[in-house]
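Okay, so here's the structure we're looking at.
All ligand and atom numbering here is 1-based and tracks the order in the structure. Just so you know, residue 1 is the first one in the sequence shown, and it goes up from there. This structure is a prediction, so every number in the text was calculated from the model and none was measured. No hydrogens, no waters, no symmetry mates; every other heavy atom, side chains included, goes into these values.
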Amino acid sequence: MSFGLPIRQHLGDALDKYSMEMSNLTSRLTVFMASDLGVEQETLMGTFQGKTQSVAFHYYPPCHHPDKVIGITPHHDGLGLTLLLHVDDTPGLQVRKNGRWYPLNPLPGAFVINVGDILQILTNGTYKSAEHRVLPDVEKGRATVVMFQNACVAGIVKPLPELGEATYKAIDHVEYVKGNFRALAEGTRFVDGLKIM
Ligand SMILES: O=C(O)CCC(=O)C(=O)O
Ligand SMILES: [Fe+2]
């Protein structure tokens, strides 16, 4: 693809349609999550509805020295939910659990759904945002399309009151996003500073 024109003009309607489908998928997922958490569907759905989305198109070229490079450094996603589509069957995504890295191999037609730090806060820590990274493949390139769904309660990032005594401080959404980017650049986690001890 040539990048002479803004990407918006290349993708046009396809991007609008994809964005709408990802919002619909998010709403459908929140129905299951609300039932699991024991909160009203509308309450959780409302935290995502009408909020911003951002999309990333990643390409990781093949690399013959995988021990010397990293595709994406270990991080937690900072927003609400992440919907990740594998464009090919090249592996590379890994998730950390109990100090060990586990591969998340692509399944045809399946999305990888990641809980972001905001959803961790909204659910008062019931759902945990998982640390993940990408390692390059020796033989094949790898492409992914990643949609980040934002969420908040009336402009505030805070635990849903239905979920008991808050274990995170409330913060204005704009301040959250700024602080989260700053922390990411510094290699720290903004959400840790919001935890009520
Ligand atoms: O491309 C991937 O598999 C992961 C991308 C990712 O973690 C991100 O964009 O936050
Ligand atoms: Fe990520």
Distance to 0.1 Å, residue and atom name: give those for the protein heavy atom nearest to [atom].
atom                   : answer
atom 1 (O) of ligand 1 : Tyr60 OH, 2.5 Å
atom 9 (O) of ligand 1 : His58 NE2, 2.7 Å
atom 3 (O) of ligand 1 : Arg142 NH2, 2.8 Å

Is it true that the NZ or CZ of Lys97 lies under 6.0 Å from the centre of Tyr102's six-membered ring and within 45 degrees of the ring axis?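 Relative to the ring axis of Tyr102, which defines the angle, Lys97 lies outside at least one limit.
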Considering just N/O/S atoms, say which atom of Asp77 is closest to the Fe ion (ligand 2). OD1
Looking only at N, O or S atoms in His132, which is nearest to the Fe ion (ligand 2)?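 Of all N, O or S atoms in His132, the Fe ion (ligand 2) lies closest to NE2.
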Atom indices of ligand 1, in the order listed, that fall short of 4.0 Å to a heavy atom of [X]:
X      : answer
Phe148 : 8 (C), 9 (O), 10 (O)
His132 : 7 (O)
Val134 : 2 (C), 3 (O), 4 (C)
Ile72  : 5 (C), 6 (C)

Does Lys140 reach the main-chain N or O of Asp137 with its side chain, forming a donor-acceptor pair under 3.5 Å? no
Would you say Arg28 and Val31 make side-chain contact, with heavy atoms under 4.5 Å?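 Not in contact.
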Is the shortest heavy-atom distance from the side chain of Ile196 to the side chain of Tyr168 under 4.5 Å? no
Looking only at side chains, do His75 and Asp77 share a donor and an acceptor under 3.5 Å apart? yes
Under 3.5 Å, is there a donor-acceptor pair linking the side chains of Asn150 and His173?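 Distance-only check passes for Asn150 and His173.
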Looking at the Fe ion (ligand 2), is one of the N, O or S atoms of His76 less than 2.8 Å from it?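 Within the cut-off used here (under 2.8 Å), His76 places no N, O or S atom near the Fe ion (ligand 2).
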Using heavy atoms and a 4.0 Å limit, tell me yes or no: is His86 in contact with ligand 1?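 No, that is not the case, since the closest heavy atom of the residue is not under 4.0 Å from the ligand.
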Output yes when Arg142 and Asp88 qualify as a salt bridge under the 4.0 Å nitrogen-oxygen rule, no when they do not. no
Would you indicate which of Asp77, Thr144, Leu84, Val112 comes nearest to atom 4 (C) of ligand 1 when only heavy atoms are counted? Leu84
Exceeds 12 heavy-atom contacts within 6.0 angstrom, atom CD of Glu186: yes
